[in-house]
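Worksheet: one structure, shown below.
Quick note on labels: first sequence line is chain A, next is B, and so on, each numbered from 1. This is a predicted model, so every value here is computed, not measured.
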Amino acid sequence: MRYRQAEFDAAVWEVVSRIRPGRVLSYGAVARAAGYPRHARMVGRSLGRSPQPLPWHRVVRADRTLAFAPGSTAYLRQKRQLEAENVRIEGGRAVAAADDGPLDLDRLLWGPDGA
DNA sequence: CCCTTGACTATCT
DNA sequence: GAGATAGCCAAGG
């Protein structure tokens, strides 16, 4: 799929807005779900451009570490918001705790049961 | 153009 | 499992 900023942004925001509380998704997974498999690096940029609030804190790296420098304001804010929905940060890695019902993107979403 | 910089990843050591 | 490496790709200088 050819890259177009407006469409890419919209697709990314759509996917991220659907991640449910207590779950996290990787940048690469978001990119794939949005239809742009090679654009993991562009996801963060889009999130920063979002005109309205998004649960962006549920997006982490593929290895489950947060994308911000540990100790930075952004890092702390993301960590706090994740912990607020029962996602722990152990050894720098985000670990989902409780699980709920079904979700379309289940295969791309990280839950308590792992991949 | 060329080069650098990222809210990235997969694959080796 | 932590580093290093090599792809990745849009933006900006």
Side-chain angles (χ1 to χ4, degrees):
Chain A
M1 180 174 262
R2 187 153 92 252
Y3 175 93
R4 288 187 205 303
Q5 178 158 316
E7 296 167 10
F8 178 76
D9 286 349
V12 167
W13 298 336
E14 165 65 20
V15 171
V16 173
S17 70
R18 286 177 187 259
I19 305 176
R20 59 182 170 60
R23 290 216 162 193
V24 291
L25 202 52
S26 75
Y27 291 88
V30 169
R32 285 196 300 279
Y36 298 77
R38 317 284 190 79
H39 295 65
R41 306 194 78 143
M42 300 291 101
V43 173
R45 182 178 292 278
S46 290
L47 296 184
R49 278 196 295 262
S50 177
Q52 54 182 324
L54 278 178
W56 59 268
H57 57 280
R58 296 175 190 150
V59 183
V60 301
R61 289 191 181 127
D63 63 3
R64 304 193 184 197
T65 59
L66 305 193
F68 297 103
S72 66
T73 308
Y75 178 95
L76 295 175
R77 185 167 70 237
Q78 179 171 18
K79 177 174 187 269
R80 174 166 43 74
Q81 291 191 93
L82 283 173
E83 292 177 329
E85 41 189 68
N86 214 25
V87 174
R88 302 195 171 177
I89 304 298
E90 299 178 2
R93 294 181 288 86
V95 181
D99 188 13
D100 309 28
L103 188 67
D104 301 339
L105 302 165
D106 246 24
R107 195 160 65 99
L108 298 175
L109 295 170
W110 281 331
D113 40 277

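When the P atom of dA7(B) is taken as reference, atom CG of L66(A) falls 13 Å away, rounded to whole Å.
Of all nucleotides listed (dA7(B), dT9(B), dA11(C)), dA7(B) comes nearest to the side chain of W56(A). Among the nucleotides dC8(B), dA7(B), dC9(C), the one closest to the side chain of R38(A) is dC9(C). Closest contact between the side chain of R61(A) and the listed nucleotides dT9(B), dC8(C), dG6(B) involves dT9(B). Here the nucleotide nearest the side chain of L47(A), chosen from dC9(C), dA11(C), dA7(B), is dA7(B).
Look at R58(A) and E85(A) and you find a salt bridge, because one of the NZ, NE, NH1 or NH2 atoms lies within 4.0 Å of a carboxylate O, short of that distance. Using a 4.0 Å cut-off between a side-chain N of Lys or Arg and a carboxylate O of Asp or Glu, R93(A) and D63(A) do not qualify as a salt bridge.
For dA7(B) and dA6(C), the P atoms lie 22 Å apart once the distance is rounded to whole Å.
Formation of a donor-acceptor pair under 3.5 Å by the Q81(A) side chain with backbone atoms of W56(A) is not found in this model.
Look at S26(A) and you'll find a side-chain N or O under 4.0 angstrom from OP1 or OP2 of dT9(B).
The two residues Y36(A) and Y3(A) make their nearest non-hydrogen contact at CE2-CA, 3.8 Å.
Within the 4.0 angstrom heavy-atom criterion, only backbone atoms of the sugar-phosphate kind lie near Q5(A); the bases stay farther away.
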